[in-house]
Amino acid sequence: MKKLIAHAACLLAISGTAFACGRDGTTSVPLAQLAVREATFSVSVDGRTATTFGTLKNLSADRVREVMFEVKYFDTKHVLVDTFTRCVDNVIAPAAGEVAFRLREHIYQPAGSYVSQEVRVVSAEAISPPPQKSALSPFMEQFLITWLPLLALLGFLIYFMTRLIGKKSATTNALALMNAQIAHLGTQALMLERLALAAEARSRGTPQPGED
């Protein structure tokens, strides 16, 4: 009964540790880029705790934190005796570098049963590089975000209106042609009026200017 309770407590502790270690919106590091080297362990004199020491090698290009380890203990016949999972949140592995770590956990089997161990990385979180600061001041950034689209729209409207009613625009050319046509029609109307007066005077027998 005590063993059952102990194992249940261990499973609850593992689940709680895994939940506390995970974060939403983070980038996981491929496990193939993480390796555990030179892992050793020792059991305390009172036989209550086991401490694991090792080195984590990070082959990725990012710094690594929130590393979760799984440790399995075996007896002399390589039969699994105990296992636990622990998230190490105070260890940061440099990019393409190594860092030492230590894991300590309570054990519930006789100390003599812990003969060998296997340590592996279950998950890890990449530390993204900080965003580059803009060379512009906050005032200039706000000005560009707020006013630059309006200024661009105003410039487009000015260009469009210039093309529409400028000296070389189609509207101006059409107005010039219309004025020329009106002037030409006025000249034609004046000539027709003179011809009508001359025809009327001739029909009445009135001498026209320039006739004897």
For Asn58, does its backbone N or O pair with a side-chain atom of Gln33 as donor and acceptor, under 3.5 Å?
-> no
Exam field: side chain Thr55 to backbone Val99, donor-acceptor pair closer than 3.5 Å | no
Restricting to non-hydrogen atoms, name the atom on [X] and the atom on [Y] that form the minimum distance, rounded to 0.1 Å.
X      : Y      : answer
Ala111 : Val43  : CB-CG1, 3.8 Å
Ala39  : Val119 : CB-CG2, 4.1 Å
Arg104 : Thr51  : NE-OG1, 3.4 Å
Glu125 : Val29  : C-CG2, 3.8 Å
Val71  : Gln117 : CG1-OE1, 3.7 Å
Ala95  : Ala61  : CB-O, 3.5 Å

Does Phe84 share a hydrophobic cluster with Val91, counting links as ILVMFWY side-chain heavy atoms below 4.5 Å and allowing steps through other members?
-> yes
Should Leu31 and Val88 be counted in the same cluster of Ile, Leu, Val, Met, Phe, Trp and Tyr side chains packed under 4.5 Å apart?
-> yes
Give, for atom [atom1] of [X] and atom [atom2] of [Y], the distance between the pair rounded to the nearest 0.5 Å.
X      : Y      : atom1 : atom2 : value
Leu80  : Asp75  : CG    : CG    : 9.0 Å
Lys57  : Glu98  : NZ    : CD    : 6.0 Å
Ser116 : Lys77  : OG    : NZ    : 14.0 Å
Leu195 : Leu190 : CG    : CG    : 10.0 Å
Ile92  : Leu56  : CD1   : CG    : 12.0 Å
Leu153 : Leu148 : CG    : CG    : 11.5 Å

Cationic N near anionic O, under 4.0 Å, Lys72 to Glu118 | no
Only one of Leu34, Leu59, Val121 passes side-chain contact (heavy atoms from CB on, under 4.5 Å) with Val64; say which it is.
-> Leu34
Check Tyr73, Phe69, Phe74 against Phe41 for a ring pair (Phe, Tyr, Trp, His ring centres under 6.0 Å) and give me the one that passes.
-> Tyr73
Under 3.5 Å, is there a donor-acceptor pair between the Ser44 and Asp46 side chains?
-> yes
Does the side chain of Tyr114 pick up a donor-acceptor pair with the side chain of Asp82 at under 3.5 Å?
-> yes
Over 12 foreign heavy atoms within 6.0 Å of CD, Gln181 = no
